[in-house]
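Below: one structure, written as structure tokens.
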Amino acid sequence: MCGVFGVRAPGRDVARLSYFGLYALQHRGQESAGIAVSEHGRLTALRDLGLVPQVFDERSLSGLRGELAIGHTRYSTTGGNAWANAQPLLHHGRTRTVALGHNGNLVNAADLRAEVGKPLASSSDSEVIAALVADDDRPLEEAVPAAMARLEGAASVVGLADGRLFAFRDAYGFRPLVLGRLGADPVVASESCALDLVGAEFDREIRPGELVLADEDGVHSVQALEPAERGALCIFEFFYLARPDTRLSGVEVHGARVRMGERLAAEAPAEADLVLPIPDSGTPAAIGFARASGIPFSEGLIKNRYVGRTFIQPEQGMREQGIRMKFNPLAEVSGQRVVVVDDSIVRGSTTRQIVSMLFDAGAAEVHVRISSPPVVSPCFYGIDLAAEEEMIAARASVEEVRAAIGATSLAYISLEGLQAATRRPASALCRACLTREYPTRVPADAAKLRFEPARA
Ligand code: SF4
């Protein structure tokens, strides 16, 4: 999970535009943030661990001048949470220097690292993409497609090199990437909500396999790779990751999530007095469940919004601690039969703690409804779900999961129900963590820290 942003806008403050673009993409990664600018071909990057407003201030932004900029918010999927893995990364190659931000995860990163044949500064899989472009002695419009052809897996990428902005998507289109315009100036972003925030008009989605280059001659689009026979936009973006005000393939995410809740109410009704969301990602589905079931919607659980998302903090210790800091039930749940709606259950620890918190607050019954099917298999394409052995549903029945989380009842939306709510055909989406049917080959060793130096 990462957010990427890019802009070419001579005469505008491109670093500030990127800063605001990244602010809109903060939900996609909270471990590190960075911006790189190109001024007459000279690249400067500033990146650090932390949230966007922790990394940048007025002074640092005013030092980033140029006509082009890219930005990145990171949540680690390959490579640990370390400064060297913060992006945009700068790679000085034989032919050129490349600044690059990557959302997604490559499945052939190990092969490519071996092929690049030199030590890399980071342990992420993203630097190999930069190295392939930086070492290629052909013009940029040939070097980038050549690099794209070597990548397997998920890559929505923004980059700067040779005084040009480039942006591309892998042939499956796992991760979103959109193109917009600020006046006549091109803007690219992971999600359309970032275009809205900087005042840019949505133009279109960048197509799977498409390369967009922006320079003083305008915006050039090349279908660098044949799109894969089937699309594979991540279905997790629809029910969890993307911001509700984002449009994915023309579908507003909030509306899709409300439909998931309506469908869930039809598939798995509950006799109850209140419908509560697990804020914020469960909220639209809870609205849909309440609307379709006629059971009143209640905030029920108050969230401290200044605590980062529990899902996004990788260490188990932090996650356990995070839940207590994050939610507090209202007195109105006391004596009530409540339906709790959330978007997914991965490990089950968060749901178990919330159920127990609601019973402690006096709830008479706690019915858990989930707007995704059971998550049973890992993601190799950029969402750090968990290893299969940590996934509670990987080897347990729904009844066993219910017992483990301590709920009165538990039901998940069906895969067909989820699919219908997205209004996208199955052939357009990746659903591998729900079905174990991966659209690409998957790596034998997909451990997140596989490129870290061994510790003594
Ligand atoms: S495996 Fe799951 S999380 Fe990963 S890209 Fe596919 S649908 Fe998304």
Side-chain angles (χ1 to χ4, degrees), residues 1-4 27-29 74-78 102-109 125-126 151-157 169-177 190-191 205 208-209 227-243 246 248-249 251 253 256-257 260 281 309 311-312 314 342-347 370-394 412-444 446-448:
M1 308 194 314
C2 293
V4 296
H27 61 287
R28 296 185 71 85
R74 179 166 194 263
Y75 173 73
S76 53
T77 49
T78 296
H102 172 209
N103 174 207
N105 213 45
L106 302 180
V107 298
N108 64 337
D125 59 342
S126 310
L151 311 180
E152 285 180 45
S156 279
V157 168
R169 256 173 116 189
D170 62 77
Y172 287 89
F174 283 102
R175 300 278 148 234
L177 193 63
S190 290
E191 294 187 30
E205 303 207 333
E229 267 177 30
R230 47 154 305 160
L233 177 62
C234 169
I235 204 164
F236 236 89
E237 298 270 357
F238 277 98
F239 64 77
Y240 172 73
L241 180 54
R243 234 171 74 153
T246 280
L248 291 172
S249 299
V251 177
V253 169
R257 290 180 186 164
M260 290 168 205
S281 51
R309 293 205 301 195
F311 184 77
I312 235 148
D342 203 359
D343 58 274
S344 54
I345 298 178
V346 180
R347 292 176 176 84
I370 302 296
S371 62
S372 68
V375 177
V376 294
S377 203
C379 175
F380 301 102
Y381 311 119
I383 297 212
D384 190 20
L385 291 176
E388 191 171 331
E389 53 275 17
E390 296 171 292
M391 291 175 171
I392 190 166
Y412 298 85
I413 196 171
S414 65
L415 186 60
E416 301 67 42
L418 172 63
Q419 187 74 55
T422 68
R423 295 190 169 152
R424 304 292 302 142
S427 59
L429 297 172
C430 176
R431 315 178 304 177
C433 52
L434 313 173
T435 62
R436 297 191 171 100
E437 289 162 17
Y438 291 92
T440 68
R441 73 181 177 123
V442 296
K448 173 174 158 183

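Counting convention: from 1, in listed order, for ligands and their atoms alike. The chain is numbered in sequence order, starting from 1.
- Distance alone, capped at 3.5 Å, places no donor-acceptor pair between the R431 side chain and the R436 backbone.
- Atom 7 (S) of ligand 1 has C430 O, 3.0 Å as its closest protein atom, hydrogens excluded (heavy atom only).
- In this structure a side-chain-to-backbone donor-acceptor pair under 3.5 Å is present from E205 to S249.
- Exactly one of L385, V376, I345 qualifies for a side-chain contact (heavy atoms from CB on, under 4.5 Å) with M391. That residue is L385.
- Using modelled atom types, one side-chain atom of R169 and one backbone atom of R175 make a donor-acceptor pair closer than 3.5 Å.
- The protein heavy atom nearest to atom 8 (Fe) of ligand 1 is C234 SG, 2.3 Å.
- Ligand 1 has R175 within reach: a non-hydrogen atom of the residue lies less than 4.0 Å from it.
- Here C433 meets the criterion, with an N, O or S atom under 2.8 Å of atom 2 (Fe) of ligand 1.
- With E237 as reference, R28 is the one residue of R257, R424, R28 to meet the salt bridge (charged side-chain N to carboxylate O under 4.0 Å, His left out) rule.
- Atom 6 (Fe) of ligand 1 does not have C379 among its coordinating residues (no N/O/S atom, backbone or side chain, under 2.8 Å).
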